[in-house]
Every structure is written in structure tokens, then in C-alpha cells.
Amino acid sequence: MNAFSKLHPITKGAFFICAFVLVLSASNPFFSVISLCCALLFVLAGGGRAFFSSLKLSVIVILLVSIFNMLFAHYGEDVLFRIGYTDFTLQALFYGFNQGMVMAAVMLWFSALSYTQDSVDTMYLLRFMPKLAMLFSMVLGFLPRFTRKLSDIRDAQKGLHGGESVSIKERFGEGIQNLSALVTYSLESSIVTADSMNARGYKDGVILPTRFKLSARDAFYLAFITLAFSYVLYVIITKQSLFIFEPRIYVKANSVTAEIIFAAVMLLPVILEAWEVLLWKRSQSKI
């Protein structure tokens, strides 16, 4: 658990709403770069073990979206090359580059959301909609849980059969067996899940106890995120920050203040983590 995970669920929820809404609504490379870099810094501050894999995934996503958009969207004045009667333009490539950064940033922030927001936090935020809370928490935990289970099944199959199969036919058969075992596991665990849902309050008319209290620090961060979100969204809606992709690439309007405020909000988890590490080192030096 990092420092950001210890914040109140409402504060964390406000941060992720800000992260998703602003980068998706801006369509601006400046905001996209800020969001992506801050997301990578968050991964690095969380331990750094997944930093290089996250960076590799981001580069792959950006390249694929950029090339795909250039190949299938033909607009803009600056022609990079021509095949037959089809022009491949710089504008299409750059717009795909921006959309790739947005997609990579959103993927990393969703990963951060699953890392910092557990089922208890989700249940608290959506306590007035228990069915939606159950669905959302199950979606967040589905991929990592079943990925680990599939890895266990593969290891068990290797132990039973003495290693990996060589032929494609044997690998296909093992894949079917692994999938069958995973489906069986999911069906069996659904019964346990249904019972635990009732025990944990996923039903109508239940008043749930909570261990969360909104401290002064949480209230301060929540107010800062809300004000920053409102200001940056106002700048985007009123087009005080506007980037044009076609027919030419240019900045029609730019708000450096909005970009600085957006960066300050996106760096909040990293700042909290760095501050906690600094306090820990200071306390250790006094011993």
C-alpha cells in the first residue's frame, strides 16, 4: 500500500474522475503528455517493478494507434508519402500519436485504480447502489485473479505431464484443458461469491458500517482536486486551450496555467509518496 492508497475513497475517486475526464475531453497533446508521464511516474513511485513493462506497453500502444490512424485516415496538407492515389499525411500520423498517448494514459490510470482502490473502497463509494458496486469491484479484480489462477493451472499441468508439449496439437489440447479447468473454477467460485455478497451487504435495505472518516487532509486534497478539475474543464470547454490537427498542425489557443494546474493534480500521488518516503527517512535518521 502506498501513501495515495491511504486517502479517503471519495478523495481517490475524485482524482481518478479528474484524470479520466480531462485527458479524454481535452484532445490536446500537452495534456496527453502530462497525463502519460504522470501515470508512468506513479508506476515508478509504486516500486518501479512494473515501470519498464508499462513503458513498453505505452510505446507499443502509441506506435500501433499512430500507424493505424495514418493508414486508414487521410486528411491534412503535409503528405509524408504516397502509394498509388492514396496520400499518407503528417496530420493523420500526429493525431494518431496523440490518441495513442491518451489510450496509454487511460490504461495506466485504470491499472493504478485497481491497485489503489480495493473492494471495500468501491463498496463505500457505491454503497447506495450495491449491485453496481459488486459489478464494478468484480470487474476490477477479474483479470489479475484469473490470470494468476490460469498460471497455477499451467504449472500444475506441467508437473503432471513432465514439462511443456512440443507439437502444436498437444499445445492446443493442453490449452483446451486449461480453459476447461479455469471455467470450472469460475463456476465453483460463483457459489462462494454469491454467499459472500450477502454476508458483505450486497443487498437492498442494508445499512453498512464504515471505517472511513474524512480527515482535514482528505478534505484539503478533495477541495484542491475539485477546484483544479473545474478550472481546467472550464478552460477546455471555452476553448482557451485548443490544439488543431487538420488541415495544419498548430496551437490555436494555449493556457499554460491550466496545464500547470493539471500537472499538479496528476502529480499528487507521486508527491504524497515522495513526502512519505522523506518523513520515513527523517524518522530513521533520528533513531
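Side chains are part of it too, since the values below use all heavy atoms of this structure and drop only hydrogens, waters and symmetry mates.
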Inset, instruction - Return yes if some donor-acceptor pair links the side-chain N/O of Ser35 with the main-chain N/O of Phe31 below 3.5 Å, else return no. - result: no

Inset, instruction - Flag the pair Phe262 / Phe30 as yes when their ring centroid distance falls below 6.0 Å, and as no otherwise. - result: no

Legend entry - Atom pair CD1/CG of Ile67 and Leu93 - distance to nearest 0.5 Å: 8.0 Å

Inset, instruction - Measure the spacing between CD1 of Ile236 and OG of Ser25 and express it to the nearest 0.5 Å. - result: 4.0 Å

Legend entry - same_hphob_cluster(Phe20, Ile237) at 4.5 Å side-chain heavy-atom cutoff: yes

Inset, instruction - Kindly say whether Pro247 contributes a backbone atom to a donor-acceptor pair with the side chain of Gln91 at under 3.5 angstrom? - result: yes

Inset, instruction - Specify the closest pair of heavy atoms between Ser241 and Glu259, including all atoms of both residues, with the distance to one decimal. - result: OG-OE2, 4.3 Å

Inset, instruction - Quick one: do Lys6 and Glu276 satisfy side-chain contact (heavy atoms from CB on, under 4.5 Å)? Show the steps, please. - result: CA-CA 11 Å; Lys6 301 174 185 177; Glu276 186 168 270; 3.2 Å; yes

Inset, instruction - Could you tell me whether the side chain of Thr89 reaches within less than 4.5 Å of the side chain of Leu80, counting heavy atoms only? - result: no

Inset, instruction - Quick one: closest heavy-atom pair of Ala228 and Ile261, and the distance? - result: CB-CG2, 3.4 Å

Inset, instruction - May I ask you to decide if Ser54's main-chain N or O and Ser58's side chain share a donor-acceptor pair within less than 3.5 Å? - result: yes

Inset, instruction - Side-chain contact test, heavy atoms from C-beta onward, threshold under 4.5 Å: evaluate it for Leu44 versus Leu40 and give yes or no. - result: no

Legend entry - Under the side chain to side chain donor-acceptor pair (under 3.5 Å) test, residues paired with Asp152 that sit two or more places apart: none

Legend entry - Any donor-acceptor pair under 3.5 Å from Lys12 side chain to Ser5 backbone: yes

Inset, instruction - May I ask you to test the Leu36-Ile62 pair for a side-chain heavy-atom distance under 4.5 Å? - result: yes

Legend entry - Set of side chain to side chain donor-acceptor pair (under 3.5 Å) partners for Thr238, sequence neighbours left out: Gln240

Legend entry - Closest contact, heavy atoms only, Leu222 versus Ala14: CD1-CB, 3.6 Å

Legend entry - Atom pair CG (Leu108) and CG (Leu113), whose distance is rounded to the nearest 0.5 Å: 12.5 Å

Inset, instruction - Return the orientation label for the Trp109 and Phe42 ring planes: parallel under 30°, perpendicular over 60°, tilted otherwise. - result: tilted

Legend entry - Steps toward side-chain contact (heavy atoms from CB on, under 4.5 Å) verdict (Arg217, Leu7): CA-CA 9 Å; Arg217 185 185 70 159; Leu7 293 180; 3.4 Å; yes

Inset, instruction - Evaluate the ring-ring contact (aromatic ring centres under 6.0 Å, His included) criterion for residues Tyr221 and Phe15: first the C-alpha distance (whole Å), next the side-chain angles of each, then the deciding distance (0.1 Å), finally the verdict. - result: CA-CA 9 Å; Tyr221 292 143; Phe15 171 83; over 10 Å; no

Inset, instruction - Taking the side chain as every heavy atom from C-beta outward, state whether Asn254 and Leu242 have any pair of such atoms under 4.5 Å apart. - result: no

Legend entry - Close side-chain approach of Asn28 to Val23, heavy-atom, < 4.5 Å: no

Legend entry - Nearest-0.5 Å distance, OG1 of residue Thr226 to CD1 of residue Ile10: 10.5 Å

Inset, instruction - Following the transitive rule for hydrophobic clusters with a side-chain heavy-atom cut-off under 4.5 Å over Ile, Leu, Val, Met, Phe, Trp and Tyr, establish whether Leu268 and Leu214 coincide in one cluster. - result: no

Legend entry - Residues forming a side chain to side chain donor-acceptor pair (under 3.5 Å) with Tyr231, sequence neighbours excluded: none

Inset, instruction - Could you pull out all residues at least two apart from Ser255 that satisfy side chain to side chain donor-acceptor pair (under 3.5 Å)? - result: none

Inset, instruction - Flag the pair Phe81 / Ile83 as yes when at least one side-chain heavy-atom distance between them is below 4.5 Å, and no otherwise. - result: yes

Inset, instruction - State, yes or no, whether a side-chain contact exists between Ser215 and Phe220 at a heavy-atom distance under 4.5 Å. - result: no

Legend entry - Donor-acceptor pair, side chain of Asp218 and main chain of His8, under 3.5 angstrom: yes

Inset, instruction - Please name the pair of heavy atoms, one in Phe245 and one in Ser27, separated by the smallest distance, quoted to 0.1 Å. - result: CE1-O, 3.5 Å

Inset, instruction - Would you please indicate if the ring centroids of Tyr95 and Phe97 are separated by under 6.0 Å? - result: no

Inset, instruction - Identify the two heavy atoms, one from Met266 and one from Cys18, that lie closest to each other, and give their separation to 0.1 Å. - result: CE-SG, 4.2 Å

Legend entry - Side-chain donor/acceptor of Asn69 to backbone N/O of Ala92, under 3.5 Å: yes

Legend entry - Atom of Cys38, atom of Val270 and distance for their closest heavy-atom approach: O-CG2, 4.4 Å

Inset, instruction - Establish whether Ile260 and Val265 are linked, either directly or via other cluster members, by ILVMFWY side-chain heavy-atom contacts under 4.5 Å. - result: no

Inset, instruction - Compute the ring centroids of Phe243 and Tyr250, then answer whether they are less than 6.0 Å apart. - result: no

Legend entry - Distance, nearest 0.5 Å, that separates CD1 of Ile271 from CG of Leu41: 10.5 Å

Legend entry - Neighbour count >12 (heavy atoms, 6.0 Å) for atom OH, Tyr75: yes

Inset, instruction - Dump the intermediate steps for side-chain contact (heavy atoms from CB on, under 4.5 Å) on Phe88 and Leu71, then the final yes or no. - result: CA-CA 7 Å; Phe88 298 92; Leu71 293 177; 3.8 Å; yes

Legend entry - Side-chain heavy atoms of Ile249 within contact of Ile244, under 4.5 Å: no

Legend entry - Hydrophobic cluster (4.5 angstrom, side-chain heavy atoms) - remaining members for Met103: Leu57, Val61, Val65, Met107

Legend entry - Ser32-Asn98 side chain donor-acceptor pair, cut-off 3.5 Å: yes

Legend entry - Common cluster, Val251/Leu90, ILVMFWY with side-chain heavy-atom separation under 4.5 Å: yes

Inset, instruction - Could you tell me which residues satisfy side-chain contact (heavy atoms from CB on, under 4.5 Å) with Leu227, sequence neighbours excluded, listed by chain and number? - result: none

Inset, instruction - Begin from the C-alpha positions of Ile60 and Leu64 and carry the test side-chain contact (heavy atoms from CB on, under 4.5 Å) through to its verdict. - result: CA-CA 6 Å; Ile60 293 174; Leu64 287 177; 3.8 Å; yes

